[in-house]
Amino acid sequence: MKRSEVNNAIKWAEKLLAEQKITLPPFGYYTEDDWAKLGDATAQIKETMLGWDVTDFGSDDFERVGAVLFTVRNGNVYDTSIGTPYAEKYILLKDGNEQEIPLHYHIAKTEDIINRGHGVLCVELYNKAEDGGLDTESDVTVRTDAILRTVKAGEVVELRAGESITLTPYMYHRFYAKTGEGDLVVGEVSKINDDHKDNVFAVVRERFCEMDEDEAPYRRLVADY
């Protein structure tokens with residue numbers, strides 16, 4: 001991705017959060033001067049990968065495959081003395097099913113995905129097949145707001161404001177915003193998040209993308225740490 005594209009995406013995300021009256025922790029607004037002045041005091045922010053995360057998953061097509069994420073709190077799976085024993089994120093998606101977080105599952109992480117604002121969040125679901133791919137035959141058993149339900153393979157669950165879904169390990173899922181219903185602020189509450197090793201994609205993807213530094217960073221990304 002171009003740094004200019006990332007900068008524009010973060011500015012859009014900040015505006016959307018402000019419209020929905022969500023204020024980030026101070027490190028969400030740090031400038032390069034702030035990082036320099038605070039120095040070693042920011043060590044835990046970096047070690048637990050808190051902050052902005054903009055990715056196109058290696059697609060080179062952010063408008064179709066990508067998202068803006070912000071990690072509010074997290075721990076370290078290798079050292080439980082660092083950070084918290086849980087994680088929390090915001091995931092911001094543009095109106096329309098053209099931009100998505102592609103099909104993937106987690107090996108260790110259970111996560112609650114919550115529609116925190118307006119719009120309709122669409123979550124497509126599959127079980128993992130024995131060969132590691134999509135099981136296109138078996139029904140998926142999942143909880144939405146603690147209520148157990150069964151959906152067909154590939155069925156899309158729609159979540160409106162305040163509604164949530166609990167995604168367990170080895171459950172393939174894809175996220176996008178329903179067309180015409182508005183941009184989305186999605187919340188994630190989960191076990192400690194390890195984005196380096198705990199994302200398995202249906203089609204080979206890169207969790208963090210290469211950066212074309214065509215302009216100076218507006219905000220630092222976790223990938224910059």
Side-chain angles (χ1 to χ4, degrees), residues 1-76 82-84 87-96 98-102 104 116-117 119 175-177 182-188 190 192-199 201 204-225:
M1 291 185 69
K2 292 183 180 295
R3 180 68 72 169
S4 56
E5 187 177 21
V6 169
N7 289 346
N8 288 335
I10 293 175
K11 290 172 184 176
W12 164 81
E14 288 183 340
K15 183 174 182 291
L16 178 60
L17 289 165
E19 288 171 354
Q20 299 201 18
K21 303 188 186 306
I22 296 172
T23 303
L24 298 175
F27 55 83
Y29 307 103
Y30 282 175
T31 64
E32 285 301 309
D33 284 346
D34 294 326
W35 286 105
K37 289 175 183 175
L38 288 164
D40 292 343
T42 63
Q44 184 164 288
I45 294 172
K46 297 173 182 176
E47 288 171 7
T48 57
M49 298 184 71
L50 305 182
W52 291 103
D53 176 10
V54 181
T55 181
D56 64 4
F57 300 97
S59 68
D60 292 324
D61 190 1
F62 176 72
E63 294 301 316
R64 294 193 61 198
V65 182
V68 180
L69 306 95
F70 188 92
T71 302
V72 181
R73 58 201 92 242
N74 196 19
N76 185 314
I82 298 173
T84 56
E88 180 186 7
K89 288 185 179 182
Y90 292 114
I91 305 168
L92 299 105
L93 293 165
K94 292 183 179 180
D95 187 344
E98 290 301 310
Q99 187 181 52
E100 66 173 19
I101 294 182
H104 66 288
R116 292 290 195 192
F175 303 154
Y176 59 91
D183 297 335
L184 285 177
V185 177
V186 179
E188 176 185 319
S190 72
I192 292 174
N193 184 73
D194 181 4
D195 272 326
H196 288 294
K197 295 185 177 180
D198 198 30
N199 296 285
F201 293 94
V204 175
R205 301 284 187 184
E206 296 294 330
R207 177 59 183 81
F208 299 100
C209 54
E210 295 292 327
M211 194 65 58
D212 177 356
E213 302 289 356
D214 63 328
E215 66 182 37
Y218 170 63
R219 306 287 189 211
R220 282 193 189 181
L221 300 177
V222 295
D224 296 328
Y225 305 158

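Excluded from the calculations below are hydrogen atoms, water molecules and symmetry mates; all remaining heavy atoms, backbone and side chain alike, are included.
Thr55 contributes no side-chain N or O that, together with a main-chain N or O of Gly66, makes up a donor-acceptor pair within less than 3.5 Å. Under the 3.5 Å distance criterion, the side-chain polar atoms of Asn74 are left unmatched by any main-chain donor or acceptor of Ile192. A donor-acceptor pair under 3.5 Å is formed between the side chain of Tyr225 and the backbone N or O of Leu50. Checked by atom type and distance alone, the side chain of Asp53 never pairs as donor or acceptor with a backbone atom of Val222 at under 3.5 Å. Under a 3.5 Å cut-off, the side chain of Ser59 and the backbone N or O of Val65 do form a donor-acceptor pair. Checking side-chain atoms of Arg64 against main-chain N and O of Glu100 turns up no donor-acceptor pair under 3.5 Å.
A salt bridge does not link Lys94 with Asp183: every distance from a Lys NZ or Arg NE/NH1/NH2 to an Asp or Glu carboxylate oxygen is 4.0 Å or more. Using a cutoff of 4.0 Å between basic side-chain nitrogens and carboxylate oxygens, Arg220 and Asp34 are not scored as salt-bridged. Under 4.0 Å is where a charged nitrogen must lie from a carboxylate oxygen, and between Lys89 and Asp195 at least one such pair does.
Between the side chains of Thr48 and Asn76, no donor N or O sits under 3.5 Å from an acceptor N or O.
How far CG of Asp56 is from CD of Gln99: 10.0 Å, rounded to the nearest 0.5 Å. Here the CZ atom belonging to Phe70 is positioned 13.5 Å from the CD1 atom belonging to Ile91, to the nearest 0.5 angstrom. Separating the CG atom in Asp194 from the CZ atom in Arg207 is a distance of 10.5 Å, to the nearest 0.5 Å. Taken from CD in Glu213 to CE in Met1, the straight-line distance is 11.5 Å, to the nearest 0.5 Å. Taking CD from Gln44 and CZ from Arg73, the interatomic distance works out to 12.0 Å, rounded to the nearest 0.5 Å. Summarising the geometry, atom SG belonging to Cys209 is positioned 8.5 Å from atom CD belonging to Glu5; distances are rounded to the nearest 0.5 Å.
No side-chain heavy atom of Phe57 sits under 4.5 Å from any side-chain heavy atom of Glu206. In this structure the side chain of Leu93 reaches within 4.5 angstrom of the side chain of Ile101, judged on heavy atoms. Looking at Val185 and Leu17, their side chains come closer than 4.5 Å, going by heavy atoms from C-beta outward. Under the 4.5 Å side-chain criterion, counting only non-hydrogen atoms from C-beta, Ile45 is in contact with Tyr30. Two residues are said to be in side-chain contact when any heavy atoms from C-beta on lie closer than 4.5 Å; Thr71 and Met49 fail this criterion. Leu221 places a side-chain heavy atom less than 4.5 Å from the side chain of Val54.
Taking every heavy atom of both residues into account, Arg219 and Asp224 meet most closely at O-OD2, 4.4 Å. Of all heavy-atom pairs between Ala13 and Leu92, the closest is O-CD2, 3.9 Å. The two atoms that bring Gly182 and Ala177 nearest to each other are O-CB, 4.1 Å, heavy atoms only.
Under the rule for a side chain to side chain contact (heavy atoms under 4.5 Å, CB included), the partners of Pro217 that lie at least two apart in sequence or sit in another chain are Arg3. For Glu215, the side-chain hydrogen bond (donor to acceptor under 3.5 Å, both in side chains) test picks out Asn7, with sequence neighbours left out.
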Exercise for the section: Give the intermediate values and the outcome of ring-ring contact (aromatic ring centres under 6.0 Å, His included) for residues Tyr90 and Trp52. Expected result: CA-CA 10 Å; Tyr90 292 114; Trp52 291 103; 9.4 Å; no

Handout entry: Trace of the side chain to side chain donor-acceptor pair (under 3.5 Å) decision for Glu14 with Tyr218
Key = CA-CA 12 Å; Glu14 288 183 340; Tyr218 170 63; 2.6 Å; yes

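Ring geometry for Phe201 against His104 counts as tilted: the plane angle lies between 30° and 60°, on a 0 to 90° scale.
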